[in-house]
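Here is the structure we will look at.
Here, residue 1 is the first one in the sequence, and each next residue gets the next number. The figures that follow rest on heavy atoms only: side chains count, while hydrogens, waters and symmetry mates do not.
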Amino acid sequence: MSHKAKIAGPEKVTAIEKYLRGEDSLKHLARTLDVAFSSMKQWLQTYQSLGPNGLLSTSKNISYSAELKKSAVEDYLAGVASHMEICKRYGIKSTRQLRNWILKYNGHEKLKSSETGGTPIMTKGRATSFEERIEIVKFCLEHQHNHAQTAKEFQVSYQQVYSWTNKYIKFGVDALQDKRGKRKSGKRDV
């Protein structure tokens, strides 16, 4: 299997516009650029949903509201339109994203607003006390598991909030104790 080079955004735009002008086929463009045909179809869908800027690389993810997600999913499930047409209508970047929301919706999971909305998340954690971790987890749970908001509010990393919340849910408040560097009871020195 050959290694496929990543195609730059402007090159994607050029290829899709060439197709839209009727100058080339998606299959031929896919072969020329050494990408999968499905990638070409996805680029086309993105271009039609978000315009040429949708194909240009950005450093932040697109944020979608919970209401938009729910409306898009419900329209699809009601048979209003196809995956691709729903994505065009709602400005959703990929049909894969819509399909993931549909799976969550059908699995009775709550469709939440995008986690960060493109805002940077603190990636380096900081030391916290047991009491502070309890406060952080309670805040997170009270705010519909919004890990990003909690991380920003308490100036800790997203990963810390995620980890503490899951430990709390699975094992209770005692799981928030920091037991690093403590000896296990019942062990003898050899």
Side-chain angles (χ1 to χ4, degrees), residues 1 3-4 6 36 38-39 42 45-46 49-50 54 56-78 83 86-87 90-190:
M1 189 171 164
H3 174 72
K4 296 185 180 190
K6 186 171 181 175
S38 59
S39 294
Q42 183 59 59
Q45 187 260 309
T46 299
S49 295
L50 304 173
L56 300 176
S57 297
T58 60
S59 60
K60 69 179 192 175
N61 292 328
I62 296 173
S63 174
Y64 301 101
S65 70
E67 294 77 25
L68 180 140
K69 291 177 183 183
K70 188 172 186 242
S71 294
V73 167
E74 288 176 346
D75 279 359
Y76 175 76
L77 293 175
H83 286 112
I86 295 289
C87 287
Y90 287 94
I92 301 165
K93 192 163 186 169
S94 78
T95 56
R96 177 182 296 151
Q97 186 66 66
L98 175 60
R99 289 191 306 269
N100 287 341
W101 298 340
I102 292 167
L103 286 173
K104 281 186 174 186
Y105 184 89
N106 285 338
H108 303 289
E109 288 183 49
K110 185 176 181 187
L111 293 173
K112 299 184 280 186
S113 295
S114 299
E115 291 298 318
T116 67
T119 57
I121 298 174
M122 184 175 168
T123 56
K124 190 173 185 326
R126 67 172 178 85
T128 56
S129 68
F130 175 63
E131 291 77 19
E132 191 175 12
R133 287 189 292 277
I134 293 170
E135 181 184 358
I136 291 168
V137 167
K138 286 184 178 177
F139 181 90
C140 184
L141 295 174
E142 289 168 2
H143 291 85
Q144 290 75 42
H145 294 263
N146 190 329
H147 302 99
Q149 178 187 0
T150 304
K152 186 176 180 183
E153 177 78 20
F154 291 92
Q155 293 297 298
V156 294
S157 74
Y158 180 97
Q159 181 55 43
Q160 285 176 310
V161 175
Y162 183 85
S163 174
W164 296 330
T165 305
N166 283 341
K167 283 179 184 177
Y168 178 83
I169 291 168
K170 288 179 184 173
F171 306 110
V173 73
D174 288 338
L176 299 178
Q177 290 279 9
D178 186 356
K179 297 178 182 169
R180 293 176 295 177
K182 303 224 167 83
R183 301 181 88 188
K184 293 184 179 180
S185 59
K187 296 281 183 185
R188 292 183 12 208
D189 288 319
V190 179

For Tyr162, is the OH atom crowded, meaning more than 12 foreign heavy atoms sit under 6.0 Å from it? no
From Ile136 atom CD1 to Ser129 atom OG, the distance as rounded to the nearest 0.5 Å: 8.0 Å
Can the ring centroids of Trp101 and Tyr76 be said to lie less than 6.0 angstrom from one another? no
Could you list the residues that satisfy ring-ring contact (aromatic ring centres under 6.0 Å, His included) with Phe130, not counting sequence neighbours? none
Can Glu74 and Lys70 be said to form a salt bridge (charged side-chain N to carboxylate O under 4.0 Å, His left out), step by step? CA-CA 6 Å; Glu74 288 176 346; Lys70 188 172 186 242; 3.4 Å; yes
Applying side-chain contact (heavy atoms from CB on, under 4.5 Å), run through Tyr90 and Asp75 and close with a yes or a no. CA-CA 10 Å; Tyr90 287 94; Asp75 279 359; 2.5 Å; yes
Nearest atoms (heavy-atom pairs only) where Arg99 meets His83: CG-NE2, 3.4 Å
To the nearest 0.5 Å, what is the distance between CG on Asn100 and OG1 on Thr95? 9.5 Å
Here the gap from Ile169 atom CD1 to Trp164 atom CH2, rounded to the nearest 0.5 Å, amounts to 14.5 Å
From Lys152 atom NZ to Asn146 atom CG, the distance as rounded to the nearest 0.5 Å: 10.5 Å
Please find the pair of heavy atoms, one from Arg126 and one from Glu132, that lie closest to each other, and give the distance. NH2-OE2, 2.5 Å
Between Ser163 (side chain only) and Gln159 (backbone N and O only), is there a donor and an acceptor less than 3.5 Å apart? no
The reported gap from NZ in Lys167 to CD in Gln177 (rounded to nearest 0.5 angstrom) is 11.0 Å
Tyr105: ring-ring contact (aromatic ring centres under 6.0 Å, His included) partners, not counting sequence neighbours: none
Under the 3.5 angstrom rule, does the side chain of Gln144 hit a backbone N or O of Leu141 as a donor-acceptor pair? no
Worked verdict on Ser38 versus Gln42 for side chain to side chain donor-acceptor pair (under 3.5 Å): CA-CA 6 Å; Ser38 59; Gln42 183 59 59; over 6 Å; no
Looking at every heavy atom in both Arg133 and Leu176, which two are closest together, and how far apart are they? NE-O, 2.7 Å
So which atom in Thr150 and which in Cys140 form the shortest heavy-atom distance, rounded to 0.1 Å? OG1-CA, 3.3 Å
As an exercise, state the distance from CD of Gln160 to CZ of Phe154, rounded to the nearest 0.5 Å. 12.5 Å
Contacts of type side-chain hydrogen bond (donor to acceptor under 3.5 Å, both in side chains), residue Arg96, not counting sequence neighbours: none
